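FYI, the numbering just counts along the sequence from 1. Please read all numbers here as calculations on a predicted model, not as lab measurements.
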Amino acid sequence: MLPLDINLENYASTEKISNLPESSSIDGAPVGITPVVGEIAYYAPWGNLAIFYRDFQYSRGLIKLGSVKSGIEVLARRGAHRVKIERVD
C-alpha cells in the first residue's frame, strides 16, 4: 500500500490511528506485540494503522510493520495530522 497518504487521529493519548484503504493479510503474523514509541503497527481486529508516540502494554492483534526513524515527537501534539508513509531501505 506504500506510499500511503493518510490522516492520523489521536487514540487513547498513546497512538495516532487511521483507517486503511484495504485490509491486510495476517497469515503467519505473531499474535500480538508490546509496542514502544515510534512503532508502526497494523491492528488486525479493526483493520487500521497505529503509530505509537508512547509505550503501551502487550496487545493481541497488533502486528509490527516498521518504525518511525525521526520526528515521532510531532505525533504527540494534539489534533489530527496528515502524513505520508514511505518505505525507507
Side-chain angles (χ1 to χ4, degrees):
M1 286 188 240
L2 299 179
L4 188 61
D5 287 301
I6 56 173
N7 287 317
L8 293 170
E9 300 201 12
N10 195 53
Y11 184 78
S13 298
T14 303
E15 63 194 275
K16 297 287 186 183
I17 64 170
S18 180
N19 293 324
L20 293 173
E22 58 188 74
S23 61
S24 294
S25 172
I26 59 170
D27 293 341
V31 176
I33 63 168
T34 303
V36 296
V37 171
E39 285 189 332
I40 302 168
Y42 177 67
Y43 186 54
W46 293 355
N48 70 320
L49 186 76
I51 304 176
F52 288 85
Y53 59 87
R54 290 203 173 114
D55 293 345
F56 195 61
Q57 65 194 17
Y58 175 84
S59 300
R60 292 179 61 86
L62 272 180
I63 300 163
K64 182 179 176 181
L65 300 175
S67 58
V68 174
K69 297 294 182 191
S70 65
I72 192 67
E73 63 279 354
V74 172
L75 294 184
R77 295 181 191 155
R78 298 180 97 172
H81 300 277
R82 181 87 179 155
V83 299
K84 181 173 189 172
I85 299 173
E86 299 175 303
R87 181 184 175 101
V88 177
D89 294 319

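Put simply, the residue from Ile40, Asn19, Ile17 that forms a side-chain contact (heavy atoms from CB on, under 4.5 Å) with Leu49 is Ile40.
Counting heavy atoms from C-beta on, the side chains of Asn48 and Leu20 never come closer than 4.5 Å. Residues Glu39 and Ile51 have side chains not in contact (no heavy-atom distance under 4.5 Å, counting atoms from C-beta outward). Residues Pro35 and Tyr58 are not in side-chain contact: their nearest non-hydrogen atoms beyond the backbone lie 4.5 Å or more apart.
Without hydrogens or angle criteria, Ser59 side chain to Gln57 main chain gives a donor-acceptor distance under 3.5 Å. Side-chain atoms of Ser67 never come within 3.5 Å of backbone atoms of Gly38 as a donor-acceptor pair (strictly under, hydrogens ignored). In this structure, the side chain of Lys64 does not engage the main chain of Thr34 through any donor-acceptor pair within 3.5 Å. For Asn10 (side chain) and Lys16 (main-chain N/O), no donor-acceptor pair under 3.5 Å exists by modelled atom type. In this structure, Arg54 contributes its side chain and Ser13 its backbone to a donor-acceptor pair below 3.5 Å.
Note on Leu8 and Tyr11: separate hydrophobic clusters, where clusters join Ile, Leu, Val, Met, Phe, Trp and Tyr whose side-chain heavy atoms are under 4.5 Å apart, directly or indirectly. The hydrophobic clustering, which links ILVMFWY residues whose side-chain heavy atoms are closer than 4.5 Å, places Ile85 and Trp46 apart. In the hydrophobic clustering of ILVMFWY residues, with side-chain heavy atoms under 4.5 Å counting as a link, Val31 and Leu62 come out apart.
Nearest heavy atoms, Leu65 versus Ala41: CD1-C, 4.0 Å. The two residues His81 and Arg77 come nearest to each other via the heavy atoms NE2-O, 3.3 Å. Considering all non-hydrogen atoms of both residues, Ile33 and Ile63 come closest at CD1-C, 4.5 Å. Closest approach of Val36 to Asp55, counting heavy atoms only: CA-OD1, 3.2 Å.
The environment of Ile26 atom CD1 is sparse: at most 12 non-hydrogen atoms of other residues, nucleotides or ligands sit within 6.0 angstrom. Atom CZ of Arg78 sits in a sparse spot, with 12 or fewer heavy atoms from other residues, nucleotides or ligands closer than 6.0 Å.
Taking the six-membered ring where tryptophan is involved, the planes of Phe56 and Phe52 are essentially parallel, since the angle between them stays under 30° and well short of 60°.
For Tyr53, there are no ring-ring contact (aromatic ring centres under 6.0 Å, His included) partners two or more places apart in sequence or in a different chain.
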